[in-house]
Amino acid sequence: MNDDCPQTTELERLIRGRLSEARSATITEHLDFCPECQERMESLAAGGDQTLTKTVRLCRVDAPATNSAMWPALSAVSAEVLATGAYTMQEDTPSDATSKSNADLKFLKPSSSSNLIGRLGGFDIKRVVGRGGMGVVLHGFDPHLERDVAVKVLDPQLANDDVARMRFCREARAAAAVTHDNLVAVHTVHEDEQHNLPYFVMQLINGESLEQRLKRVGKLPPEEVAKIGQQAAAGLAAAHAGGLIHRDIKPGNILLEAGTDRVKLTDFGLARGFEDVRLTRTGFVAGTPLYMAPEQAHGESIDHRSDLFSLGSVLYEAATGRHPFEGKTPLVVLRRVADETQPSLLEIDPAFPAWLSDVIDRLLAKNPADRFQSAAEVAKIFEIELARHGIALPPGCGKKSAYSLKPRRHVCWKTVAFRTLPLILGIGIGALAVGLWPSDRTDPPPQNGSAIDPGPEPKFTIAGQAGPVWALAFTPNGEMLAVGAEDGSINLYKLTEKEPINFRKLPRSGRHVWNIDITRDGRYLVAPNDDNEVDVYDLTTYKVDSKFAPGASTKSATFSPDGRYLITGDRTGAIMVWDRVTQIPIELPGINGTAHNVAVSPDSKQLAEAGSDGAVKLWDLTKIDDKTKEWKPDSLEQHAGPVYGLAYSPDPTNPRLATSGWDGTVRIWNPQRKEQLRVLKGHDGDVFGVSFGQGGKVVASASADGTVRVWDVESGKELHVFRGGGRAFHTVRFSPDGTTLVAGNRDGSVRAWDVK
Amino acid sequence: MAEAPLTRVTLLVRLRDGRNADAWREFFDLYGPVVYRFARNRGLQDADAADLMQDVLRSVARNAAKLEYDPKRGTFRGWLYTVTRNKIYNFLNGQRIRPRASGDEDAHERLESIPARDEDGPDADWEREYQKRLMDRAMDIVKDEFQPATWQAFWGTAVEGRAASEVGTGLKMSAGAVYVAKSRVLARLRDEVKRMMDEEDA
């Protein structure tokens, strides 16, 4: 071995893919001509096992030939044994079965009664209910309170394992601290002193798990999926409010009460307090890979939004009967969870309710920031939709939820969350609900294809952005278009007579580019990208000119037209008005949720904010320097659910504000009188973006339904429908002259149409 | 990535739970070919070895509930070896009584002597067949974890025995890159085989 030869540890790390790219490349080059290292590496890979390579070489050669009599014989004997149940013949009498399953229940004290299998503490134990990862669940009876209970006992084999013991006790403490209708209630925690075994006593649920249900029936109809989703989300919201992440949401942990189908979440076996992160920092991945969130799969830090991903997986499986990321090994599953996008439920079955497909897709977003931001929000959306479709939840669910949201930084007035919709309780689910279920929204989904007018052809299409396009902005002279994509890239295009030319890429500084704004002089560009810092680029040098640091993940940003302020909105709901020269911010009382969008009126006198709380807030910017008064916004509350799109009309003589949101509507307001003028209905899905064109006469909207629509502002009439590819449009912008419309699509493209 | 260490349930335990059809499918898939290959090594013809395999598997199914896991009495695999060996002995013995055209060679001697070059004990080729079967399954399982080119580089060199440079030319990879690919797959296969053995033996 000469000096150039890599160390053994380096070869090891190369094999395991844990070496830097540069060093990997160097060693790989070295391997080209160093037979000694080639041999060393192979031997390392085989773990020094000389027979391994031989086994690899021969295993396929020596396998029974495809035409061997063995294969049909194997199928035959397998079918025969499984069909006749020959292997269960010895499964004997009930008493025998009981004694067998009781072999590991030595900690039970004998009982005099023949229908009990023993006693534990003060409880009579009737039978074994199930076995989980950490222990045995017993059906017990509390003779004092005269009620049936479930008793979960730590597996005696694990009693000496400190980690297992701690986890078990943590589960008990965690679960006991939170009570909610959709959580299995934990009554008490005990320790059996003789055997040194911890156990806890909880509510006994009469019913089956979702796992058992799915095994039995294959898959569930959409309304059942939605009901389970609503209740599971409500239970999670309560747990999250108590500072707990479940971490192991899966069908086996979702119990369905017999008769009512009320959902009860259980097995907080891996749940842990927000502070307590040590146990899993050992590189050991805890949890069921099939339902893990990508950040769990990567071993990155997780939060309550990881539970939302798991819930999405569960609901997806419940709706289709198959898991979105199936694979032969845990590693394959983890890779799929991390890298692959599941086909949406609507793609699998065009008749599936679009809203439910969309909710599940959003739960399954790879990036936690793209998911719903709280379980409470998810529960609420399910509740609204269920009510809309006249589907009843089990009594007691979805009324006043027992959770409360964690207090945020700035809650200066009572948060008006979603419109409260009347819940129809107590109606039988049967025919009525089924009859009402198919979406009451008017248009058939665009997937129905050929029957639908594909709409006008785009003037041009810019394809190939690295991920969905959420952000578009023209320079004021209309010569350039900036395009921001989900991977954090910002591309600048020169608009020519023919094709647009991609002439520049701005240095990437963050992740998801949510929106882009350019100053009126065309000199500066801002692009919030889910980072704690917002970069302002100088478009003469194409470099970062200044940085503003709101301190939380930024969702929206805009310049005031007079150029004086930069306004940012973030995921904690905080809104900052920055003096662009001094970079000193004034912090506005924020909302409880995400500030999805901010905009300033053409005269720079009013600031509008669209939030996940369902309200549009209006601030008088002229009073910003008046420190004598408490500064309060006006709140426009008509949207049901989060508001995403926000734009002022460029016409100062006829003040108009357009908003759009989750409820599928576009709304036109008079922002000075603070009154709603029109509700534009026609989209069949969330409306993510709006933009005014033709000097404020028309407004365009981009929607998850795969269409861009153009409306007459004063009459509310729908003038044009543009389509493309069937996937969601996230953003829309009119060129400064108001005649070219561009829209960013989920498929990574930008389409442009003439609007005359 | 570790599988949940707290819930590892051995194949034997799962087989003994009479209702676990999946465990039985897994058992048949794993051991059917092992029993068959072992019988072929001992001189049985294709059809005879297939029959014998059926016989062994049926016998295991019938006796499953009586199986006790006792490490002192040897492994499940060891027990299966004994069952298989006895069946082959009986088969060859029966042949001796009703000799076939191939002659009346002493069956018992044949059982113990083929293959003759066993220095590692009488069950060494049973163990080898088992290892090959595990590897065969491991390949099916891990293949999807790798890029196609990585897998082909491994396959060309490790299974087909071709030179790294030759395999690399077809895949537009350097010889060094082929070695890296081969080693990565090998290491992963080793892990997977070990996992399967742990699952069975633990």
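Within every chain, numbering begins at 1; the chains are lettered A, B, ... in the order of the sequence lines, protein sequences first and strands thereafter.
Per-residue counts of heavy-atom pairs under 4.5 Å with chain B were compared for A:Leu11, A:Val77, A:Leu31; the largest is that of A:Val77.
Scanning both residues, A:Ala73 and B:Gln54, for their nearest heavy atoms gives O-NE2, 2.8 Å.
In this structure, the side chains of B:Met135 and A:Leu52 come closer than 4.5 Å at one or more pairs of heavy atoms. Side chains of B:Arg128 and A:Thr51 form no contact here, defined as non-hydrogen atoms less than 4.5 Å apart. For the pair B:Ser174 and A:Thr28, the minimum side-chain heavy-atom distance is below 4.5 Å. Between A:Thr55 and B:Gln131 there is a side-chain heavy-atom pair separated by less than 4.5 Å. Put simply, the side chain of B:Arg37 reaches to within 4.5 Å of the side chain of A:Pro64, judged on heavy atoms. The shortest distance between side-chain heavy atoms of A:Val56 and B:Phe154 falls below 4.5 Å.
Partners of B:Arg162 under the salt bridge (Lys or Arg N to Asp or Glu O under 4.0 Å) rule, at least two apart in sequence or in another chain, are B:Glu160, B:Glu166. For A:Asp62, the salt bridge (Lys or Arg N to Asp or Glu O under 4.0 Å) partners two or more places apart in sequence, or in a different chain, are B:Lys132. Partners of A:Glu340 by side chain to side chain contact (heavy atoms under 4.5 Å, CB included), not counting sequence neighbours, listed by chain and number: A:Arg335, A:Arg336.
A donor-acceptor contact closer than 3.5 angstrom links the side chains of B:Tyr36 and A:Ser68.
At distances below 3.5 Å, not a single donor-acceptor pair connects side-chain atoms of B:Asp136 with backbone N or O atoms of A:Arg60.
One finds no salt bridge joining A:Asp49 and B:Lys194 here, because no Lys/Arg side-chain nitrogen approaches an Asp/Glu carboxylate oxygen to under 4.0 Å.
Contacts with chain B (heavy atom to heavy atom, under 4.5 Å) involve no residue of residues 19-26 of chain A.
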Problem set entry | Full working for side chain to side chain contact (heavy atoms under 4.5 Å, CB included) between B:Arg184 and A:Leu14 | CA-CA 8 Å; B:Arg184 284 192 175 156; A:Leu14 178 60; 3.8 Å; yes
